[in-house]
Amino acid sequence: MKKTWLSLALLLLAGSALAAPQTVKLSVPTMDCPVCPITIKKALLQVAGVSRAQVNFERKEALVTFDNERTRVDALMRATAGAGYPSTVAERQP
């Protein structure tokens with residue numbers, strides 16, 4: 001019984017070690033006022049797995065760091081679209 005629990009614990013630890021933070025740059029061309037980044041950042045941070053969101057009004061882009069085991073890029077794009085700001089992937093970073 002102890003071996004089963006130990007094996008299960010090791011499997012869970014190994015699985016979490018495989019999760020790697022990813023960063024993606026989203027283009028958000030519909031930002032048209034200096035308050036827009038606040039709304040976009042709030043929407044992105046509500047997505048499970050997002051650890052950081054930086055939104056730049058001048059460049060009309062969002063840099064998002066997330067756990068690729070908990071969410072995907074399409075969920076990030078749905079979040080910005082749901083907040084009224086459709087986005088596309090501008091660049092993926094390792």
Side-chain angles (χ1 to χ4, degrees):
M1 184 69 150
K2 287 183 182 181
K3 287 183 181 181
T4 304
W5 286 109
L6 181 59
S7 296
L8 182 59
L10 289 174
L11 182 62
L12 290 174
L13 288 173
S16 64
L18 295 175
Q22 302 250 325
T23 301
V24 66
K25 186 184 295 182
L26 299 175
S27 173
V28 192
T30 57
M31 274 195 268
D32 57 4
C33 73
V35 179
C36 295
I38 296 168
T39 304
I40 295 167
K41 181 176 182 173
K42 183 177 177 181
L44 288 167
L45 290 174
Q46 290 178 355
V47 176
V50 172
S51 58
R52 184 174 180 177
Q54 295 176 293
V55 184
N56 186 298
F57 173 66
E58 291 78 23
R59 289 190 230 134
K60 299 189 183 304
E61 64 188 24
L63 192 62
V64 187
T65 303
F66 62 97
D67 178 344
N68 68 343
E69 290 290 316
R70 297 184 64 203
T71 193
R72 297 181 2 192
V73 174
D74 61 330
L76 304 176
M77 295 183 342
R78 279 195 307 272
T80 64
Y85 302 93
S87 62
T88 58
V89 176
E91 180 182 330
R92 287 183 188 249
Q93 300 173 357

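In this structure S27 satisfies the side-chain hydrogen bond (donor to acceptor under 3.5 Å, both in side chains) test with no other residue, sequence neighbours excluded. Considering only residues two or more places apart in sequence or on other chains, R72 meets the side-chain contact (heavy atoms from CB on, under 4.5 Å) condition with D74.
Pairs engaging residues 35-60 under the side chain to side chain donor-acceptor pair (under 3.5 Å) rule: R59-E61 [sequence neighbours left out].
Between A43 and A79, the shortest heavy-atom contact is CB-O, 3.7 Å.
Counting side-chain heavy-atom gaps under 4.5 Å among Ile, Leu, Val, Met, Phe, Trp and Tyr, the cluster of M77 also holds V24, L26, V28, M31, I40, L44, L45, V47, V50, V55, F57, V64, F66, V73, L76, Y85, V89.
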